[in-house]
Amino acid sequence: MDKFVIRGGNPLVGTVRISGAKNTALPCMAAALLTEETVVLENIPDVRDLQTMRRLLVEMGGEVELGYGRAHHRTTICTRSLNRPEAPYELVKTMRASTLVLGPLVARMGRARVSLPGGCAIGARPIDLHIKALERLGANIAQEHGYVEARAERLRGGHIVWDRISVTGTEELMMAATLAEGETVMENCAREPEVGDLASLLHRMGARIEGAGTGTIRIQGVPRLHAARHRIIPDRIEAGTFVIAGAMTGGDLIVANCEPAHIGALLQKLAEVGASLQVGQDTVRVIGNGGLKAADVNTEEYPGFPTDMQAQYMALATQAEGTSIITENIFENRFMHAQEMVRMGANIKIEGRRAIVRGKAPLSGAAVLASDLRASASLVLAALVAEGETIIDRVYHIDRGYERIEEKLRGVGAQMKRIGEMLPKKVALAPTS
Ligand code: UD1
């Protein structure tokens, strides 16, 4: 298992380029299951979750070809001969988003067998709403031996009102409805940019969808979809993570190749805490000026403050003057990073869904454990401002969703190394000047 060794104290200076959005690439790869023809996706980030999705498509009988050289972020998928429409537990347990294939499979193949995801570090995360919604489109669903089995001659359009907003639920049902007979209307849908980008790909494949990105989506089913080529939007969570890194370390960082409109709630919050920001067409420049002040945050569905930025914001709050109250409204158990930050010297109290962060607390390097994807990113941020050396264990979590984060951070001045299990425990880094 790899670890990161980070020596804090360097301001980040320079330009960092943002990769394609993992959470858009995942449903777009699943969308390739809706057609026998070839789907070409550009700007696919090179992260572990997408390798898992590739494995899943290949196990089901799909052909997946990776670009190389300058085109190494291109993935070409053809699922003409699917002989095993099944998502096994071994893959679903490492990536819950594998369940995204359920809707497209039953829509195209008339049957699907997908492992039920268990709980995970950040909460129970059931897929009951996805299942209920697929039943509304006429699928027969049985659950046994830890698997969901769905069958339908052909799905038929229906009216779905989501009991609660679900991002992958909205995506999965939008995909399923493209091949259903008649019209589907979904209300209380997720409005995340990832939903809109998936709809753009589906349009290119011949789907008839209106309202993606709003609360109500209408889909007219068509008998078949066809080949398409699509470029994935930039990753807003990666962009947000780097903007926070710039604000915390007091440097002068240009976060390039991003979509500032997709991180509006975060940029507004950073302006409130006193970060100096210059927002361009596809760049955010953040000039750290040291004097950050506390501000409260509530996580919400898009366009609110994203739960996927909560941990990183907590790292920043430890360095802001005053008390910040962070309320997590989406997941019930998403504060695992707090205990690790406390071990580094942060002053954080957890009260149910609220974290009370008192700053500014001097952080000092320590050995810490990454518990999930965004928690690991927050520990990297804390380590960048801590005095001395931090060793972050279980960085496979961060590899699930951040492309070469250590190379990107090193490129703008961070002192950071990846070490493998086989290397000696103590790694000497150059002292900070
Ligand atoms: C997606 C993102 C994830 C992000 C989350 C919330 C992907 C691959 N992942 O996850 O990074 O943190 O949105 O923005 O895009 N729920 C149910 N029953 C269901 C479905 C959801 O109770 O059937 C609950 C969940 O447990 C959670 C809430 O609804 O408390 C929102 O979850 P949801 O939007 O579905 O998250 P994901 O789509 O899994």
Side-chain angles (χ1 to χ4, degrees), residues 20-31 44-45 47-50 52-53 56 87 91-92 94-103 114 116-136 141 143 148 160-175 186 188-198 215 232-233 235-238 240-241 262-263 265-266 298-313 327-337 353 372-378 397-398 400-402:
K22 163 183 94 72
N23 284 355
T24 306
L26 284 168
C28 286
M29 287 179 73
I44 296 276
V47 298
R48 181 80 55 87
D49 272 8
L50 294 166
T52 306
M53 188 53 109
L56 179 56
L91 293 180
V92 177
T94 63
M95 187 187 66
R96 311 171 50 79
S98 307
T99 57
L100 271 168
V101 301
L102 178 64
V114 169
L116 278 165
C120 75
I122 64 175
R125 301 188 77 179
I127 56 162
D128 56 321
L129 301 176
H130 303 222
I131 293 173
K132 228 165 87 181
L134 265 180
E135 282 175 337
R136 305 269 315 161
I141 298 193
Q143 289 186 37
V148 181
I160 296 164
V161 183
W162 292 94
D163 287 342
R164 90 173 271 182
I165 297 176
S166 167
V167 179
T168 50
T170 301
E171 293 165 346
E172 191 188 324
L173 267 290
M174 186 167 73
M175 289 190 273
M186 297 200 290
N188 201 26
C189 293
R191 293 178 288 161
E192 268 68 2
E194 291 76 23
V195 175
D197 201 39
L198 170 65
I232 304 292
I233 55 172
D235 196 306
R236 65 193 167 101
I237 306 301
E238 188 196 14
T241 304
H262 292 168
I263 48 172
L266 172 71
N298 287 295
T299 64
E300 283 165 12
E301 291 90 357
Y302 190 85
F305 192 96
T307 173
D308 283 354
M309 287 303 305
Q310 178 259 106
Q312 301 90 315
Y313 184 81
T327 309
E328 172 55 59
N329 295 307
I330 308 295
F331 292 109
E332 66 265 31
N333 186 26
R334 206 173 195 180
F335 285 140
M336 310 273 273
H337 41 279
R353 283 183 177 270
D372 66 72
L373 170 54
R374 307 304 170 185
S376 2
S378 74
H397 285 297
I398 209 162
R400 285 187 42 218
Y402 287 85

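Order of appearance sets the numbers: ligands from 1, and atoms from 1 within every ligand.
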Enquirer: Select one of side chain, backbone, both or neither to describe which atoms of Glu332 lie under 4.0 Å from any atom of ligand 1, heavy atoms only.
Expert: neither

Enquirer: Strictly under 4.0 Å, does any heavy atom of Ala190 approach an atom of ligand 1?
Expert: no

Enquirer: Counting only heavy atoms not in Arg136 (residues, nucleotides, ligands), do more than 12 fall under 6.0 Å from its CZ?
Expert: no

Enquirer: Would you say Glu171 and ligand 1 have an N/O pair spaced under 3.5 Å apart?
Expert: no

Enquirer: Answer side chain, backbone, both or neither: which part of Ile165 comes under 4.0 Å from ligand 1, heavy atoms only.
Expert: backbone

Enquirer: Show which atoms of ligand 1 fall inside a sub-4.0 Å distance from at least one heavy-atom site of Ile330.
Expert: 27 (C), 30 (O), 31 (C)

Enquirer: Does Asp308 reach the main-chain N or O of Ile237 with its side chain, forming a donor-acceptor pair under 3.5 Å?
Expert: no

Enquirer: Could you tell me whether Arg334 approaches ligand 1 through its side chain, its backbone, both or neither, with non-hydrogen atoms closer than 4.0 Å?
Expert: side chain

Enquirer: Is the closest basic N to carboxylate O distance between Lys22 and Glu238 below 4.0 Å?
Expert: no

Enquirer: Find all atoms of ligand 1 within a distance of less than 4.0 Å from any non-hydrogen atom belonging to Thr307, and give their numbers and elements.
Expert: 6 (C), 12 (O), 14 (O)

Enquirer: Report the part of Asp308 in contact with ligand 1, treating N, CA, C, O as backbone and CB onward as side chain, heavy atoms under 4.0 Å; options are side chain, backbone, both, neither.
Expert: side chain

Enquirer: Using a strict cut-off of 4.0 Å, indicate which atoms of ligand 1 neighbour a heavy atom of Ile127.
Expert: 19 (C), 23 (O)

Enquirer: As an exercise, state the distance from OH of Tyr302 to CD1 of Ile165, rounded to the nearest 0.5 Å.
Expert: 13.5 Å

Enquirer: Taking 4.0 Å as the limit for heavy-atom contacts, which would you say applies to Val167 with ligand 1: side chain only, backbone only, both, or neither?
Expert: both

Enquirer: With a sphere of 6.0 Å drawn around CZ of Arg400, does it hold more than 12 non-hydrogen atoms of other residues, nucleotides or ligands?
Expert: yes

Enquirer: Taking Thr52 for its side chain and Met95 for its backbone only, find out whether a donor-acceptor pair lies under 3.5 Å.
Expert: no

Enquirer: I'd like to know if the side chain of Glu328 reaches the main chain of Ile330, judged simply by a donor and an acceptor atom lying under 3.5 Å from each other, with no hydrogens or angles considered.
Expert: yes

Enquirer: Minimum heavy-atom separation for Thr241 and Met309, please, with both atom names.
Expert: N-CE, 3.6 Å

Enquirer: Starting at CD1 of Ile232, measure out to CG of Asp197 and round the result to the nearest 0.5 Å.
Expert: 5.5 Å

Enquirer: Look only at the side chain of Thr24 and the backbone of Glu194, and say whether a donor-acceptor pair between them is shorter than 3.5 Å.
Expert: no

Enquirer: Can you confirm, on distance only, whether ligand 1 has an N/O atom lying under 3.5 Å from any N/O atom belonging to Asp128?
Expert: yes

Enquirer: Is there any N or O on Leu129 that sits under 3.5 Å from an N or O of ligand 1?
Expert: yes

Enquirer: Can an N or O of Lys22 be found at a distance shorter than 3.5 Å from an N or O of ligand 1?
Expert: no

Enquirer: Work out whether the distance between some heavy atom of Glu194 and some atom of ligand 1 is less than 4.0 Å.
Expert: no

Enquirer: Which of the numbered atoms in ligand 1 are under 4.0 angstrom from any heavy atom belonging to Thr168?
Expert: 7 (C), 8 (C), 15 (O), 37 (P), 38 (O), 39 (O)

